[in-house]
Amino acid sequence: MTESATHLLPVFARADLAFARGEGCWLIATDGERYLDFTSGVAVNALGHAHPTLVAALQEQATKLWHMSNLFKSPDGERLAGRLCEQSGFADFVFFANSGAEAMECAIKVTRKHHAAKGSPERYRIITFEGAFHGRTLATLAATGSQKYLEGFGPPVEGFDQVPLGDLDAVKKIIGPHTAGILIEPIQGEGGVRAPSHTFVKSLRELCDQHSLLLVFDEVQTGMGRTGELFAHRRFGVSPDVMSLAKALGGGFPIGACLATANAAAGMTPGSHGSTFGGNPLAVAAANAVLDVMLKPGFFEHVQQMSLLLKQKLASVVDRHGDILADVRGEGLLIGVKAVVPSGDLVAALREEKLLTVGAGDNVVRFLPPLIVSAAEIEESVARLERACVALSANQSKRAAAQ
Ligand SMILES: *Cc1c(COP(=O)(O)O)cnc(C)c1O
């Protein structure tokens, strides 16, 4: 191998940029440059970088116990599970995993096993939606249903029926004797910040009740405050039977969770599922500390205020730069700007302005600031977007003149 070659499996198209440390909404590159971080590690660092409460919680736990098998009781895990159930307003049980895909894998298994335990093992199929993203394991990839991601990995895991997002007739038509449940993201993150209507989600709940199906919400990206509520489903006034969490749950420490009602989890008996690292004490300490911060009065009001400010400011940039930007969408601080130019060009131009954002499907660029972002930092991000638009417009005119 040549000296510059990487030994990291080249599955990511990485930018030529590395960071040494972070402070709040800022990342400091290895060359000392400061970047405004509106990626939050793809909706993970909800409390920004090096939040003192999280640092203290992890440091304290690090001196006590790093890992404990699930052979023994976990008082801190019990506490975290109890808090998540209480806050969810629907769940009775939590399974801890280490990632979003693992949390989703558990959600899929809970859904299938529920029907098996109720005497209908033939009901294993799950309805999913076009544009979805549920993870990269074989089952969650099949649920995601993207040909691009499935290609070359052999036969996809059987049992997922995909229909267009928002098409209630298509959902009704595909429900059959083998259907076990319906799986949906309250807002599609990777798919391009696409939100189904509240009435659509309410109708899914009604269909599930009519046909004894389980409704599963993938809140891996929308959960833990991202949309301005602890969980996005609060905004619909619709509760699921099963819900997955991950990304922001540990504030940057890997942890996922699958929440379920006692009825949904009816098949999950000792030995039916497991994980070596799931519920790891460091992860649980981080997640309990995240909840400590988020459940303080005023936290979600702040997210909602910053959301309003960011959306208003972005809309005015879109108005002024219709040649570069098309629209603004999303809830809370899960905001997407649909680009006219290729979204990758916009992400690169913003990086030149030292503003970090994330691409998504549908030619959208996601603005995912830490939820602790200040009004001044929002203003700064929008000023940088404005400059990136000016630079992109100038490039376009140059290219047009050269033709
Ligand atoms: C990121 C994401 C996942 C997968 O999470 P990983 O931790 O990468 O496995 C699943 N569902 C949704 C909605 C996501 O945004």
Side-chain angles (χ1 to χ4, degrees), residues 9 11-14 39-46 95-111 126 128-146 148-150 153 157 160 162 165 181-196 201 215-227 231-233 236 240 242-259 275 277-280 283 286-287 290 329-336 357-362 364-368 371:
L9 193 71
V11 293
F12 299 105
R14 296 171 190 272
T39 68
S40 299
V42 193
V44 168
N45 304 99
F95 177 82
F96 289 119
N98 309 288
S99 68
E102 274 184 44
M104 272 313 307
E105 195 80 24
C106 180
I108 293 164
K109 288 177 77 173
V110 165
T111 302
I126 296 176
T128 62
F129 295 92
E130 288 172 14
F133 184 78
H134 299 298
R136 300 287 199 142
T137 63
L138 287 168
T140 58
L141 259 191
T144 295
S146 157
K148 188 177 75 179
Y149 296 155
L150 283 162
F153 293 115
V157 170
F160 297 94
Q162 201 158 62
L165 184 65
I182 301 176
L183 163 60
I184 189 167
E185 293 156 85
I187 298 176
Q188 289 186 346
E190 302 304 311
V193 192
R194 294 166 73 220
V201 179
L215 181 61
V216 184
F217 284 167
D218 180 345
E219 290 231 30
V220 167
Q221 188 155 160
T222 56
M224 302 310 291
R226 185 47 60 185
T227 67
F231 306 121
H233 72 262
F236 298 125
V242 181
M243 174 172 84
S244 58
L245 296 174
K247 291 202 163 87
L249 179 55
F253 202 97
I255 178 170
C258 175
L259 283 68
S275 166
F277 289 123
N280 169 281
V290 167
R329 48 176 79 170
E331 292 295 335
L333 292 172
L334 176 49
I335 301 294
T357 56
V358 202
D362 208 18
V364 162
V365 174
R366 273 173 292 174
F367 282 60
L368 302 171
L371 307 182

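Order of listing sets the numbers, starting from 1, for every ligand and every atom in it.
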_Glu130 to Arg194 - nearest heavy-atom pair and separation_ = O-NH1, 3.3 Å

*Using a strict cut-off of 4.0 Å, indicate which atoms of ligand 1 neighbour a heavy atom of Ser99.*
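Result: 7 (O), 9 (O).
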
_Distance under 4.0 Å to a non-hydrogen atom of Glu185: what atoms of ligand 1 satisfy this?_
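In order of number, 13 (C).
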
*Any non-hydrogen protein atom below 4.0 Å of atom 11 (N) of ligand 1?*
yes

Can you find an N/O atom of [X] closer than 3.5 Å to an N/O atom of ligand 1?
| X | answer |
| --- | --- |
| Asp218 | yes |
| Gln221 | yes |
| Val220 | no |

Heavy atoms only, cut-off 4.0 Å: how does [X] contact ligand 1, side chain, backbone, both, or neither?
| X | result |
| --- | --- |
| His134 | backbone |
| Lys247 | side chain |
| Ala101 | both |

*Measure from the side-chain N and O atoms of Glu331 to the backbone N and O of Arg226, and report whether any donor-acceptor pair falls under 3.5 Å.*
no

*Stepwise, does the side-chain contact (heavy atoms from CB on, under 4.5 Å) test hold for Leu334 with Leu368?*
CA-CA 6 Å; Leu334 176 49; Leu368 302 171; 3.5 Å; yes

